Amino acid sequence: MHTVKMNRNYVYVAIVLLVAIGFSLLLPMLRESVGGNYILGTETYYHLNNLNQPTQVYDTIINFLVSYFGEHNTIVYLPVILIFLSLLIFSNLFKHFLETDTEYFFALIILVLTPAFLSAHMGLTLASMILFLLVVTIFLYFKSSYFYLIFLALLYLFDPFIGFTLTVALFIREIVRKDYTGIVVLFLTLMILVITSLSTNIHTYFINPDLISFSANSIFAFFGGRYGITLFLLVLGIMGIIRTIKNYPAMVLSSFVIIGISLFYEPARLFGIVVLVLYSARALSNLVNREWEINYIGQLVLILFFCMLLFSSMTFVKSELQQEPRQDQIETLNFLKDLPLTNEAKVLIMPEEAEYTTYYTGRDVLASSYRTQEDVALALDLFSSRQYSFVKEVLQEKKIGFIVVDYDVFNFLQFGEEGLLFVMENNDNFVKVYQAKGTQIYFFKLWNE
Amino acid sequence: MKLKQTTVLLIVLLIFVLLAKLIVLSDIDSPAYDSYYGMRQVENIKSTGVPIVNDNLSYQGRTNTLDFFVYYILAFFSVFVPIKLLFLFGGVLVGLGSLVLIFLIARKLYANRWVALIVTVLGALSTVIFSSSLATLTSSSLFLLVYLGMIYAFISFSRNENQIVWFLILAVVGTLLSSLMLPLVLAFVIYFLLVKLENLKTRYKEVELVGFTGLFVIWYHLILYRSLFELHGSRVLWDSVPRELLSVFFQKLSLPLMVALIGVLPFILGLYAIYHSLFTQRRRYLLFVTSLALSFIGLLFMGFLPVLDGLLFTTVSFILLSGFAIKQLNAYFNKMNFARVKYFLVALLIVLSLVNFVPIIISGSQIQSPSIDETEFLESLSLPKDATIFANIQEGQFISYYAGEKTFYDERFTLAPQPQRRYEDAQTIFLSTSKTKTLSLLNYYDIHYVYLSQLTRSEYNVSTYLFENDPCFKLVGQSEQSQLYEVRCTLSK
């Protein structure tokens, strides 16, 4: 009986791992085949651009991997390895929190089909590394192995806030368990980490203010949040919490704290989603086993949830395949790259496109959505400005030689607005050097004055 | 088969309403302005099999929302009835169907045919309900039938399980028809909360049925508006309708006006029923109808509902609730020695309702619809390709339908490019006395023609001096009630 149960669990894990690896490996190939390129996610470009001047520990790791294994192998296989290892560890951890095989299977399947989890493992993302280190630390901690301290230290290096929060959480747990050795070890670890961090200036921030946001647009996937909560997780998660709170109030309270932090701090959001996955699995299992008053309503509800889960995954796949940069955009950027002008001339382009612009052209950009928000605001002001004096002053100050006007700019300006286009078309200091498929590139002659 | 007295009277009432509507419609030449988007969609479906998704004419080019189910239904009916007649008279059948359903619901709620009949009379004489489907057929007016059908199925299914299937079918149809399913879902949530607060037994059949419906409705709308949500996030819930329009509507919609529109009697009787259902009675289905009223009133005042739709469904809820007071009065008078006084009161009630109602028929409808003169004028226009016509916001789709030309803006704001900005600029064009300002906006938006109708003049008190006397505007066409001016000047940059 025990052997049968164990075998069934192995089968579940195997299925889930296959699905995960399938997504991770197939998507880059599919994307390449539909006329794009194998690189997924704009964050990947951001990290590739940072290879020569790493701004964070993650970039240093990527730099190391790229130098040994090559760029292509790193981009394709690192996410596969991370998703594989993360799922293996989750498959072990989930057993501690779930009661039945059905819940266990549902938790794994929901996790692997959740767009936020998949999105974090497409390309090079800091979130996937943080999640991996988080679960390894927790796994080793529950295994009573002191190796968890190593991963805890690594986690702290990658994200001091999450590392610190986890340390405090484990610290509290040790106090509750009255494990004085554990208390002392954790306290000393925390002190060492904090002092090392402060004295070596590894981190610019303890908590990056650009990653703090409490807006519906980033929390919920249906409002466009990249690591957002889907309707499926929201509804089932709430149902699962309501079912659990009576019997396990402490567990639910801890979950609220984790989910609460994840709502405010984006790198933690993925872990909040994993917690919701657990409750969703419990709720879904309950719905399956429930005695419905109206039988066919029960079947309809399950079909509906199944459709919701599948639909969100398919939508995610579709958006990944259609993500920028498209082939025509890469052609435009290659043209920009081949222009016989020093690389000092920066490019003004919409912030969402900045990182892959830098990657393909080798030119710096004014603003990227991954860097300072002040520059992003300045870039948007420039695009919507009709005042030549303001435009000239900023372009010269920031040494911007090229302005790329494409569909995203028109979308931003909306119908009838001309903004910077009005300035460029009515001033001889701007020369149109490229026009194709709705994209124009202007050269500003006075960029270096 | 001998018909019951109440059935006979109901039929008489329906005939009365039918005649009243036909009398009003006899003065109306064309469907109301809000019908023309639907007419364009139906025509396109009939000719190409698909609706207009990328609309080149509205807002000079925009994407339409994907709520086309209702137009496929109307396209089916337009095979048998000409489109114009369908939109002009189809609402009459919708209105009559609504009254029948109001009767059935009231009969179920109050277990008294006479009370149900009086409720139906109040509904028939309600100006809001009467006008709602007059000379127009929109998804909202069709949704009223679905809405009432769902209420009936919900209050009936505890005794007749077949009603569950009807409820589900209507829920799916309603979801495909209109986003007004969302307030209905909210009403169900309020209902379950009230049931809990009143310590009434939770019926799990209701929870299961409504749970599935609510989930389906919300999921469907998230899919339907996915691109809108991804582009604009949660702002789309508030920012679709230009702020000025919202504030104008709500300035006009004061409590006295709302009471007058719903009807003083239904409002007072409805309030009475709400009070008792919340504080003294523990009647499940009365709580349900109370939840409907609370949901629509709440969303209306928070600005989440179009005013006319919100008023319509609020009125229907109050009229259904008014049956409670009528039944109580009936029981009270039956105990008295002067039981016949109740007949006098019923007559008084009907007379008071008629006081509001009759002026609509005598003076003609307040439905804003174009005249034959205007439609013929627009049909006769022969303008250059890609010309844009600037007109009143209500006339946008009407002009696109008859003239086949681009228009500056109209009342379909969702997914429209910069509705707020365009509305503000349109006000400036209509009201500004500065030729430079007017011309600069007309040039900016590449507008070639300005259409001035009776409606525009009365709404804006627009002086035509600028257009009549300035060489920058040339009169290129006119009819008895409208003129078309060509914009001939361009301001240099």
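A note on names: the letters A, B, ... follow the listed sequences, proteins ahead of strands, and every chain is numbered from 1. These numbers come from a predicted model, not from an experiment.
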Could you state the interatomic distance from CG (A:Leu304) to CG (B:Leu215), rounded to the nearest 0.5 Å?
-> 4.5 Å
Going from OH on B:Tyr225 to CZ on A:Phe223, what distance comes out if it is rounded to the nearest 0.5 angstrom?
-> 13.5 Å
Let me know if A:Arg290 has heavy atoms under 4.5 Å from chain B in its side chain, its backbone, both or neither.
-> side chain
By a 4.5 Å heavy-atom criterion (distance strictly below it), what part of A:Phe220 contacts chain B: side chain, backbone, both, or neither?
-> neither
The reported gap from CD1 in B:Ile223 to OG in A:Ser312 (rounded to nearest 0.5 angstrom) is 10.0 Å
Would you say A:Glu293's side chain and B:Glu208's backbone share a donor-acceptor pair under 3.5 angstrom?
-> no
Where on A:Phe311 is there a heavy atom nearer than 4.5 Å to chain B: the side chain, the backbone, both, or neither?
-> side chain
How long is the span from the CZ atom in A:Phe222 to the CH2 atom in B:Trp219, to the nearest 0.5 Å?
-> 14.0 Å
Heavy-atom proximity to chain B below 4.5 Å, by part of A:Leu300 | both
For B:Arg284, look at atom CZ and say whether over 12 heavy atoms of other residues, nucleotides or ligands are found less than 6.0 Å away.
-> yes
What distance separates B:Tyr204 OH from A:Ile294 CD1, expressed to the nearest 0.5 Å?
-> 14.0 Å
Among residues 149-168 of chain B, residues within the sub-4.5 Å heavy-atom range of chain A, in order of number, are B:Ile164, B:Val165, B:Leu168
Heavy-atom contact with chain B under 4.5 Å, split by part of A:Val301 | both
Is A:Tyr296 atom OH crowded by more than 12 heavy atoms from other residues, nucleotides or ligands, each under 6.0 Å away?
-> yes
Look at atom CZ of A:Phe390 and say whether more than 12 heavy atoms of other residues, nucleotides or ligands are closer to it than 6.0 Å.
-> yes
More than 12 heavy atoms from other groups under 6.0 Å of NZ on B:Lys437 = no
